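Report on one structure; see the data block that follows.
Since the structure is predicted, the reported quantities are computational estimates derived from the model, not experimental observations.
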Amino acid sequence: MKSDTIVIKVENLTKRYGDILAVDHISFEVKEGEVFGFLGPNGAGKTSTIRMLTGLSKSTEGDASILGMSVKTKIAEIKKRIGVVPDISNLYDELSAMDNLIFMAQLYGVPRGERRKRAEELLKIFRLYERKDSPFRTFSRGMKRALTIAAALIHNPEILFLDEPTSGLDVVAAKSLRNLISNLRQQGITIFLTTHYLEEADLLCDRVAILVKGKILTIDTPLNLKTKTDKKTLEDAFIEITGLEPEVLAIEKGK
Amino acid sequence: MWRDNLRGIFYIALKDMKTYYFKAPAISWGIVFPITWILAFYLRNPGDFKELVPGLIAMTILFSTTAAEAVVINFELRVGTLERLLLAPISIPAVLLGKVLGGTIFGFAMTTIVTSGSTIVLGLRPNFLYLILIILPSLFVFASLGALLCVTVKEVFDAQTLLNLPRFLMIFLSGVIYPVSKMPSVLQYFAYILPLTYTVDGLRKSFLTSPDRIVFLYTLILIFFLFLFIFPAIKLLSKKFE
């Protein structure tokens, strides 16, 4: 499904919050149909980067283009063609699963006649159809996460941004969600994924960028990173590249 | 882009009606509270209840539009749903206007009930054009005031507390219960910098047998207050996403 077309191009992107440099002049490219992992410990600048790429915050320096359009000047057009799953499941507690999806379809301008059909289709794919009339607040964490991803897909986006999709989920829910992400990849959707679960990145990503303190240390395939560092797992390769103590990583995985 | 924004404004307002308004707390603040207040004043000083009708309508406008408006933006900022709205192809001003429209529509429903109920029961014959010219801009003004105070503070409950200051100040100084013309002159000057004064006086003039054309001027003044509240509210909300 991958092609050589560049769909995300980031050049010298920088974000400062006062004196704190959250993202430090990063540059990278993502190809169409690729699953691109953005790996790093907490506070590395992963979420700040996603926020700049999806129009939730402005960059201090640099620029990024998505589907050939600058995020600085064409963000409204970009938003119509991307889906975003933030690090929290932020749909409306009071609304049912179906109403949440229909509301998102309304905001994205999905034609009136297609809204319910599309919502039903997604609820079936994400195995939530039986609970379509239940309020979002009654869902388990895993179900909330799944519905948040479904909401991000309501308008058939070409690129999906997933910020820590399995964070806080139990093993079963996380596995089920990874399967869903794999299916999306097979459908040809470009996926930009941030995570600090390295085995997840190893399973899902075609290429990964390792980010520490706002800087990209390296970009490569998980296999190449393991080969270069002569390590068996991406986690060991990550520790070797970043110089982070394994204990730090363990603490962060527990968060 | 403007079509996306208009669609966003409409559906956000509609969604807010479903999730926040037409629920017990909003209805209680929006309609029960003003009626109880007016009845309390009437019982303390029984006279012609017709005199209190403009004040009752004005209080309904004030309390119904600000009932949920003052908390929904901060609440949604806190739980992350406002961010979810901004991920859609909608601008920050459109999101805020959607919130204001939700408060305005709810206020319109509550005000229509109170106005039609009191006019029918008391046999009043208002000038409907004048009523609309005062009620409509007033609804937008106070929904915008709620939105402005909401984005000024960080915490949900701070907004309600902060909003109570102008709310109660206006009840006492805008002629809701006691006519502005009978107040000490210093307070009269103060009353005319409060938007509710124009709402109450405009409503009074709408109920007179020979309505006063100054109502048109009041409409313009209320539109001025709307801009005075809405633009800083948009700016402050935008700042939260820089």
Side-chain angles (χ1 to χ4, degrees), chain A residues 15-18 47 50-60 69 73-96 99-112 115 135-137 144 147-148 151-152 154-155 157 160-161 163, chain B residues 1-27 68 71-99 101-102 106 156 234-242:
Chain A
K15 183 71 187 180
R16 271 180 197 282
Y17 297 102
T47 299
I50 279 208
R51 290 176 70 82
M52 287 188 281
L53 294 180
T54 57
L56 282 179
S57 76
K58 290 174 187 161
S59 60
T60 315
M69 296 175 281
T73 55
K74 295 274 180 192
I75 194 64
E77 288 306 309
I78 292 170
K79 282 177 178 180
K80 289 180 191 172
R81 295 171 65 185
I82 62 169
V84 187
V85 180
D87 55 351
I88 52 161
S89 301
N90 56 358
L91 295 177
Y92 286 93
D93 273 342
E94 305 81 358
L95 297 182
S96 68
D99 285 348
N100 263 303
L101 292 189
I102 287 178
F103 176 53
M104 289 302 146
Q106 289 165 336
L107 292 183
Y108 280 92
V110 175
R112 188 184 292 264
R115 287 172 198 160
F136 186 61
R137 66 168 177 271
K144 281 185 174 179
L147 192 70
T148 309
I154 195 80
H155 57 299
L160 184 64
F161 289 86
D163 195 3
Chain B
M1 182 63 192
W2 64 270
R3 281 184 68 183
D4 293 323
N5 282 329
L6 279 182
R7 190 181 54 240
I9 291 169
F10 174 74
Y11 284 116
I12 289 169
L14 211 64
K15 192 275 304 163
D16 275 7
M17 306 294 287
K18 200 169 182 175
T19 48
Y20 304 121
Y21 298 101
F22 295 109
K23 292 201 169 167
I27 292 171
V71 292
V72 291
I73 299 172
N74 268 341
F75 173 72
E76 290 207 15
L77 267 170
R78 181 172 274 257
V79 297
T81 45
L82 200 86
E83 200 161 287
R84 176 66 255 178
L85 297 178
L86 290 171
L87 290 171
I90 305 165
S91 66
I92 291 176
V95 169
L96 193 105
L97 289 173
K99 298 277 163 204
L101 185 65
F106 174 71
V156 174
I234 290 170
K235 191 142 181 92
L236 284 170
L237 185 61
S238 303
K239 270 192 109 174
K240 291 182 191 264
F241 288 93
E242 274 177 4

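Between chain B and the options A/L56, A/T54, A/V84, A/I82, the largest number of non-hydrogen pairs under 4.5 Å is found for A/L56. The greatest number of non-hydrogen atom pairs below 4.5 Å with chain B, out of A/I78, A/D93, A/T148, A/L91, is found for A/L91.
For B/R7, the part sitting under 4.5 Å from any heavy atom of chain A is the side chain, from C-beta outward, and nothing else. With a 4.5 angstrom heavy-atom cutoff, A/I88 touches chain B only via side-chain atoms. Residue contact with chain B, scored on non-hydrogen atoms closer than 4.5 Å, involves the side chain of A/F103 exclusively. Neither the backbone nor the side chain of B/I92 has a heavy atom closer than 4.5 Å to any heavy atom of chain A.
The side-chain heavy atoms of B/F10 and B/L6, taken from C-beta on, include no pair separated by under 4.5 Å. With contacts defined as side-chain heavy-atom distances shorter than 4.5 Å, the pair A/L95/A/F136 does not qualify.
Contact record, A/G83 with A/H155: CA-CE1, 4.0 Å, taken as the closest heavy-atom pair.
Judged by distance alone, the side chains of A/E94 and B/Y20 never bring a donor and an acceptor atom under 3.5 Å apart.
By the side chain to side chain donor-acceptor pair (under 3.5 Å) test, A/R16 pairs with no residue at all, sequence neighbours left out.
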